[in-house]
S.K.: 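Just passing along the structure, written as structure tokens.
Labels below follow one simple rule: chain letters A, B, ... track the order of the sequence lines, proteins then strands, and each chain is numbered from 1. Predicted, not measured: the structure shown is a model, and the values here were computed from it.
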Amino acid sequence: MSIKSSSISRSLGRVPDRALFALVGLLYLFLYAPIAVLMFFSFNSAKSTEFWGGFSTRWYSALLMDQDILHAFYRSLIVGVVSTIIATAIGTLAALALARYRFRGKSFYDSTIYADTVMPEIVVGISLLAFFVAVHVPLGLTTIIIAHVAFNIPFVTIVVRSRVVGLDRSLEEAAQDLGAGPISTFLRVTLPLIFPAVIAGALLAFTLSFDDFVITFFVAGVGSNTLPLEIYSMVKLGVSPVVNALSTVIIIAVMVVVFVGSRIFMRKERA
Amino acid sequence: MREERTKERPLASPGNERRAVVELAGITKRFGDFTAVEDLNLNIYEGEFFSLLGPSGCGKTTTLRMIAGFEEPTEGTITIAGQTVQGMPPYHRPVNTVFQSYAVFPHLNVFDNVAFGLRRAGVKGEELRRRVTEACDMVQLSGLEKRKPAKLSGGQQQRVALARALVNRPKVLLLDEPLGALDRKLREGMQIELKNLQETVGITFIYVTHDQEEALTMSDRIAVMNEGRVQQVADPATLYELPRSRFVADFIGLMNMLSGTVESVSGRQVTLRAAGGKRVEAIIHEDAGMRPGAEVHVAVRPEKMRFGDEGDNVYAARVRQVIYMGVSTQYMVELEGGEKMMLYQQNASGVAGYRAGDRISVAWDAANSLVLES
């Protein structure tokens, strides 16, 4: 055994460091070059994405003036926040129920709740559309939010459930033993302990909601375009540099959120 | 008091001024087809250090959880401090628990852990601070109040769990193998500390353990359980000297067992014929009726046996194995009929040792050989 492992490390040692660095470099290039190109051309004064016409922030000004984009952004934010809150609440409760209790129909519920995560989005989109039409719900922001809640619940459930399963049951028993009723136990012990998973689930839900295109496309009515739909309709008429500027803003916002979030989490874990 | 302890007497007999703080009457607990506890009747008195002792799966933890309110008995009633607690949730019961896993809240520091129960009871401000500080002092956690549990050792977490429960001044403190996860040295220290603590605060402790030494060291009384049933309830000395059944005899300490047939009975004195025709003089429990011809076991503790030929029972034997254990030496000897017996000899000065193969004779007194029914 030891002979084998040492021969592996020796053969690994034979790979030159430079080759490894090159490999990693290529990987990063593959992942980030398109983004870099996009960011680069968002500062291009020319309208083209092929020629560099000098540095300019004109597309950023144009972005701020573009009422359609701003409205779409605003709608995406509303849909994202509202659907995340609802989906996180329901998904967390579902996770607790599935991890903790035995109830009639549990195995059925258990196997069907995740169906949404593997179902092709196009199928989900069409079925939701058919459903809303059948029950005469006018398409608009409400139907988008309902749809997003529906596809986000299983994701939140998966994330939170794994944390609940790993939770020492006796912690909640200890709380009860010390005089905390069920609600107090949940708020003071259970929730704080599963909170990192709840936040992770919420972030995932918001991300999925914010950039969902296919399902939203089917259930959005006239005049309720979210940001992805708006961008798509702009791109149909040729890529406008405003889209580049918008994408750059989103990328930077995401990077800031991820960076700050991971810093906060790391500090909490260390404390 | 002393006499009362050494003698096993009917529980809650008239004239017994000690008040039962926990009464278990006819408790049975079933999980589906499995019966975890069967027809359990126990009275636990105020200020007592009471242990539930038994191998894993004997129902001791289930019993504790029923007192705490985490399980409801299938049959029977539990009374705590004169109040029937049937259907009462754990958060309304006047008991607190120290869990096997400590269950210290990882998101709260030591102070907030200890203050948890008091805050639920509405204790605030200066009184809260004073009582938490007192409890921390009592278990030697002073100065660690601001620490998070992740920064504490196992022993310190154990103390947090203890302080967190005791600070509420419960009628009864329930402890579920609280020392199980500690290493041996720390465990022995904590045993003495726990016992002292219990005497200081005067709260009834109900202590669950599978470690017979631990139970003997700390308890006023012990209930030995096996397969959901109480085998015997007695103080440690009685349990050790006068076990009621083979199970208790085997479970507590080491015991030599010989099987034989009763020849004659005279009061508590019994003469038996063991396998191979040896005569064994022994005693029976005061209240045990025994007839000639009955198949029985005779139990003799290894430390009650000696080398030589002075005693009521003397047999020729051969030393088979010698294990040096520091304070004493453990000998395994084989009697002429082939029965193997253990024998302890103190390594005091002037005591001659033996070696494997030596021909010797072993002896013990009738008073130290107790007859147990098969």
Side-chain angles (χ1 to χ4, degrees), chain A residues 88 92-93 95-97 99-104 106-107 159-203 261-271, chain B residues 32 61 64-65 67-71 88-109 112-123 135 146-151 157 160-170 172-178 181:
Chain A
T88 304
T92 301
L93 295 178
L96 284 165
R100 283 297 164 71
Y101 303 105
R102 281 203 228 155
F103 48 88
R104 202 212 280 263
K106 177 179 170 176
S107 61
V159 173
V160 176
R161 187 182 186 172
S162 64
R163 178 88 179 190
V164 176
V165 166
L167 198 63
D168 182 1
R169 197 75 215 262
S170 59
L171 289 170
E172 283 160 305
E173 286 184 345
Q176 296 218 343
D177 188 71
L178 293 165
I183 294 170
S184 182
T185 298
F186 178 74
L187 292 179
R188 292 181 188 283
V189 176
T190 317
L191 192 57
L193 291 174
I194 64 171
F195 202 63
V198 173
I199 290 295
L203 282 175
S262 65
R263 283 302 285 266
I264 290 172
F265 261 110
M266 281 209 297
R267 197 169 310 159
K268 263 203 139 171
E269 293 291 308
R270 242 183 276 140
Chain B
T61 295
L64 199 76
R65 291 176 60 81
I67 300 170
F70 299 124
E71 309 283 354
M88 188 190 278
Y91 43 91
H92 287 150
R93 297 195 180 194
V95 300
N96 285 117
T97 308
V98 176
F99 291 85
Q100 186 167 15
S101 61
Y102 314 149
V104 174
F105 304 128
H107 60 299
L108 301 177
N109 65 22
D112 291 332
N113 259 288
V114 177
F116 193 93
L118 292 177
R119 286 195 171 124
R120 302 290 84 71
V123 178
K146 292 273 167 277
R147 288 252 188 114
K148 281 279 183 76
K151 298 268 169 83
Q157 290 190 30
V160 175
L162 206 56
R164 185 178 70 176
L166 279 175
V167 75
N168 307 293
R169 297 173 191 155
V172 180
L173 186 71
L174 309 174
L175 302 101
D176 185 7
E177 308 228 12

S.K.: Taking every non-hydrogen pair under 4.5 Å, which of A:Ala174, A:Pro192, A:Ser184, A:Pro182 racks up the most with chain B?
M.R.: A:Ala174

S.K.: For a quick test of reading the model, state the closest non-hydrogen atom pair linking A:Asp177 to B:Thr97 and the distance between them.
M.R.: OD2-N, 2.5 Å

S.K.: What's the spacing between A:Gln176 CD and B:Arg120 CZ if we round to 0.5 Å?
M.R.: 12.5 Å

S.K.: Under 4.5 Å from any heavy atom of chain A, what part of B:Arg164 do you find: side chain, backbone, both or neither?
M.R.: both

S.K.: Measure the OG-CZ distance between B:Ser101 and A:Arg169 for me, rounded to the nearest 0.5 Å.
M.R.: 12.5 Å

S.K.: Between B:Asn96 and chain A, which part of the residue has a heavy atom less than 4.5 Å away: side chain, backbone, both or neither?
M.R.: both

S.K.: What part of B:Phe105 gets closer than 4.5 Å to chain A, counting heavy atoms only: side chain, backbone, both or neither?
M.R.: both

S.K.: As an exercise, state the distance from CZ of B:Arg119 to CG of A:Leu178, rounded to the nearest 0.5 Å.
M.R.: 12.5 Å

S.K.: Nearest heavy-atom pair of B:Pro106 and A:Leu193: which atoms, and what distance?
M.R.: CG-CD2, 3.4 Å

S.K.: So, do A:Val189 and B:Phe116 sit near enough that their side-chain heavy atoms are less than 4.5 Å apart?
M.R.: yes

S.K.: For atom CZ of A:Phe103, is the number of surrounding heavy atoms from other residues, nucleotides or ligands below 6.0 Å larger than 12?
M.R.: yes

S.K.: Does atom CZ of A:Arg188 have more than 12 heavy-atom neighbours, drawn from other residues, nucleotides or ligands, at distances under 6.0 Å?
M.R.: no

S.K.: Which bit of B:Val98 is near chain A, if near means a heavy-atom gap under 4.5 Å: side chain, backbone, both or neither?
M.R.: neither

S.K.: Quick check: closest heavy atoms across A:Ser170 and B:Phe99, and the distance to 0.1 Å?
M.R.: CB-CD2, 3.9 Å

